[in-house]
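Here is the structure we will look at, set down as C-alpha cells.
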2 protein chains.
Amino acid sequence: MKKNDTRQHIITIGADLISIHGFGSTGLNKILSEAQVPKGSFYHYFKSKNDFGLAVIETYAEEYEARMNETLGNESLQPVDRLRSYLRCSVEDMKSCDFSRGCLIGNLGQELASQSPLFRERLDDIFSDWELRIAHCLKAAQETQQIKQDVDTEQMGAFILSGWQGALLRAKVQRSMLPLLRFENMILKQLGAVDQ
Amino acid sequence: MKKNDTRQHIITIGADLISIHGFGSTGLNKILSEAQVPKGSFYHYFKSKNDFGLAVIETYAEEYEARMNETLGNESLQPVDRLRSYLRCSVEDMKSCDFSRGCLIGNLGQELASQSPLFRERLDDIFSDWELRIAHCLKAAQETQQIKQDVDTEQMGAFILSGWQGALLRAKVQRSMLPLLRFENMILKQLGAVDQ
DNA sequence: TTTAATATTAGACCAGTCGTCTAGAACTTT
DNA sequence: AAAGTTCTAGACGACTGGTCTAATATTAAA
C-alpha cells in the first residue's frame, strides 16, 4: 500500500519532531522536508494539522500498548518484576533520547488539554487505560503476595501513572535519571515489595 | 516608578497567556494587544522574547516563593498542616482557573527544557529550591513526631515535588481534582501522618 | 486505446511570527 | 526654557504558518 506508506511515514517523522518540540512549535514544513514529502501531499492524507495530530496520538498509543503488553503483561515474570521492567523500559527510552523526548502523551496533555477538548478527551482516555493496566498488574502482585494486601490497586495504579509522568518531567528538566530511579524505589517501598 | 509599572504589566499579562498557551504559541502581538502596550515599548524593556520569558519565570518564582513561605513556612501550623495547606493552595488555583493553567514552571519545563539550556537550568534551580523547601517541612514534621522517623526527607521532598507535578498534569487532562486529592492522601499515608 | 475516475503533487496565498527601526512624545533635570 | 533622557508609536522586513485550488500522475473502465 503506497498510500499507507507515505501516510505512516509522515506520522513517524512527525511524532518524532512533536515529541521533541511540541505540537504547536512543529511546523508542517519541518515535518515534510524531513520526511521528503511535498507539502501538497499533506492535505491529501490529513484533513488538517489537528487531524494529523490525532493520528500521531493514535499511532503512539498503539505502539505504547504493545510495549505495555511486553512488560506489564509479561506473564513469564513475577508481577512486581513486570512493573519494574515497564519502568526500566521508560528509563532506557529517556537515556537513548538524551532527555529530549519524554512521553508524547504527557507532553501533548500539558500542551493541548486546555486548548482542544478533542485532544484532551482522547489523551484522557489513554491515560485512563494505562492506569488500569498498572492497577491490573498490582492486583496480580497482590494475589501472589508480592505486595501488601492493604494497597488499593486502582488508586495506586493512578498514583503511579501520574507520579511517573511527574518524574519524567523532573528528569527532563534536571537532565538526570535520578528522579526516575527515586520514583521506582519509593513506589516499591510503599508497595512493600522488598528487593530479593 | 512608571518604568516598572509598564514592564511589570507586560510580565503579568504575558505570564497569564504563557501559562495557558505555552511560550512558543504565545505571540508578542497577542501579549501586547492584551496589555494595551505598543510593540515599540516591548523592546525597550526586554532584549528579546527569550529575555522576556526569563523575566516571566523570575517573577513567577518570586511570587511562588512568597506563597511557599505562607504555607510550608507557616510556623503557626503544625508541619504536616503546612504541607497540607501548600497542596490545598495549588488545588484552589487549579479550581479557579478551571484547569487551564497548572504550574508555569512545570509547563515551561516540559516545553523548553530540551530547547534552551538557559531556560532549563533556571527551571531546574527553581525545582531544586522547591524540593528543599518541602524537605525542610518534612524534617520539621519528623522532629515533632508527626511523621515516621524512617522517611528520608530529602528524597521524599523531591518525590513529592515531581509527583505533584504529575498530579497537576493528570488533573488538567482529566479536568478533575481527583488526581490531586488522591496524591495528597497517598503521600500523607506514606508519611504515616494519620488524620486527626 | 481512449476515456473516466482517482490519487497525488506543486506551489500560490494570506495571515501571522519576531524583531528592527525611525520618529516623535513625554517626562526630568538643569 | 532648554537639554537630555526615557518611553511610545506603529510601519516594515524577512520569514514561517496552515490551507486550498488547480494541475498532474496514476489507475481502472469501456
Side-chain angles (χ1 to χ4, degrees), chain A residues 1-59 104 107-108 111-112 114-119 122, chain B residues 1-59 107-108 111-112 114-119:
Chain A
M1 303 285 116
K2 181 86 200 304
K3 163 155 180 169
N4 286 346
D5 269 16
T6 304
R7 194 187 131 94
Q8 202 51 49
H9 184 55
I10 301 176
I11 289 177
T12 305
I13 303 284
D16 205 53
L17 292 172
I18 290 170
S19 286
I20 299 174
H21 302 105
F23 185 68
S25 303
T26 303
L28 258 24
N29 290 329
K30 218 168 284 178
I31 297 172
L32 295 168
S33 71
E34 180 108 350
Q36 304 222 42
V37 170
K39 190 167 197 173
S41 302
F42 183 85
Y43 282 85
H44 173 66
Y45 296 106
F46 305 99
K47 278 212 314 284
S48 64
K49 196 193 180 189
N50 269 19
D51 180 51
F52 166 68
L54 290 168
V56 167
I57 290 175
E58 234 46 54
T59 302
L104 181 67
N107 296 355
L108 292 182
E111 182 182 358
L112 302 174
S114 61
Q115 292 195 47
S116 157
L118 213 69
F119 276 88
R122 187 66 193 102
Chain B
M1 298 287 115
K2 184 86 197 307
K3 161 152 182 171
N4 286 345
D5 269 14
T6 303
R7 193 186 131 95
Q8 202 52 47
H9 183 54
I10 301 175
I11 289 178
T12 305
I13 302 283
D16 205 54
L17 291 172
I18 290 171
S19 286
I20 298 173
H21 302 105
F23 185 69
S25 303
T26 303
L28 255 26
N29 290 330
K30 216 167 286 177
I31 297 171
L32 295 170
S33 72
E34 180 107 354
Q36 303 221 45
V37 170
K39 193 167 203 172
S41 302
F42 182 87
Y43 284 90
H44 173 67
Y45 295 107
F46 305 101
K47 278 211 315 283
S48 65
K49 196 192 179 189
N50 269 19
D51 180 50
F52 166 68
L54 290 168
V56 168
I57 291 175
E58 232 47 53
T59 300
N107 296 356
L108 293 181
E111 182 181 358
L112 302 174
S114 60
Q115 291 194 49
S116 155
L118 212 69
F119 276 87

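For the numbers below, each heavy atom of this structure counts, side chains included, while hydrogens, waters and symmetry mates do not. Convention: sequence-line order gives letters A, B, ...; per-chain numbering from 1. The structure presented is a predicted model; accordingly, all values stated were derived computationally and were not measured.
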Subject >> Value in whole Å for how far the C1' atom of dA25(D) lies from NE2 of His44(A) >> reply: 12 Å

**OP:** Figure out the CD/P separation between Gln36(A) and dT9(C), and round it to whole Å.
**Re:** 13 Å

Subject >> Under 4.0 angstrom between Thr6(B) side-chain N/O and dC7(D) OP1 or OP2 >> reply: no

Original post:
Among all residues two or more places apart in sequence or in another chain, which pass the side-chain contact (heavy atoms from CB on, under 4.5 Å) test with Ala15(B)?
Top reply: Val56(B)

Original post:
Hey, what do you get for CZ (Phe52(A)) to CD1 (Ile10(A)), rounding to the nearest 0.5 Å?
Top reply: 7.0 Å

Subject >> Side chain of Pro38(A) (C-beta onward), nearest among dT17(C), dT19(D), dT9(C) >> reply: dT9(C)

Subject >> With sequence neighbours excluded, residues passing side-chain contact (heavy atoms from CB on, under 4.5 Å) with Leu112(B) >> reply: Phe23(B), Leu108(B), Phe119(B)

Subject >> Phe42(A) CZ to dT9(C) C1', straight-line distance once rounded to whole Å >> reply: 15 Å

Subject >> Non-neighbouring partners of Ser48(A) that pass side-chain contact (heavy atoms from CB on, under 4.5 Å), sequence neighbours left out >> reply: Asn50(A), Asp51(A)

Original post:
Does any pair with a residue in residues 14-27 of chain A pass side chain to side chain donor-acceptor pair (under 3.5 Å), and if so which ones, sequence neighbours excluded?
Top reply: Asp16(A)-Arg101(A)

Subject >> DNA chain D-proximal residues of residues 10-28 of chain A, any heavy atom under 4.0 Å >> reply: Thr26(A), Gly27(A), Leu28(A)

Original post:
How long is the line joining CG of Asp5(A) and P of dT8(C), in whole Å?
Top reply: 10 Å

**OP:** Give a yes or no answer on whether the side chain of Glu111(A) reaches the backbone of Glu111(B) with a donor-acceptor pair at less than 3.5 Å.
**Re:** no

Subject >> Interatomic distance, Phe42(A) atom CZ to Lys47(A) atom NZ [nearest 0.5 angstrom] >> reply: 11.5 Å

Subject >> Out of dT17(C), dT8(D), dT9(C), whichever nucleotide has its closest atom nearest the side chain of Ser41(A) >> reply: dT9(C)

Original post:
In whole angstrom, what separates Leu32(A)'s CG from dA10(C)'s C1'?
Top reply: 13 Å

**OP:** Calculate the interatomic distance between Phe52(B) atom CZ and dG19(C) atom P; express it in whole Å.
**Re:** 11 Å

**OP:** Starting from C1' on dT8(D), measure out to NE2 on His9(B) and report it in whole angstrom.
**Re:** 14 Å

Original post:
Does OP1 or OP2 of dG18(D) have a side-chain N or O of Asn29(A) closer than 4.0 Å?
Top reply: no

**OP:** Report which part of the nucleic acid Lys39(B) touches: base, sugar-phosphate, or nothing (heavy-atom distance under 4.0 Å, all strands).
**Re:** base

Subject >> Taking every non-hydrogen atom, the tightest pair across Ile20(A) and Gln115(B) >> reply: O-NE2, 4.4 Å

Original post:
Say you draw a straight line from CG of Leu17(B) to NZ of Lys30(B); how long is it, rounded to the nearest 0.5 Å?
Top reply: 8.0 Å

**OP:** Return the stems involving DNA chain C, sorted by first number, where pairs are Watson-Crick (N1-N3 with N6-O4 or O6-N4) or G-U wobble (N1-O2 and O6-N3), both under 3.5 Å, and runs are 3 or more long.
**Re:** C:1-27 with D:4-30

**OP:** Check the distance between dC18(C)'s P and Phe46(B)'s CZ and give it to me in whole angstrom.
**Re:** 14 Å

Original post:
At under 4.0 Å, does any side-chain N or O of Tyr43(A) touch on OP1 or OP2 of dT8(C)?
Top reply: no

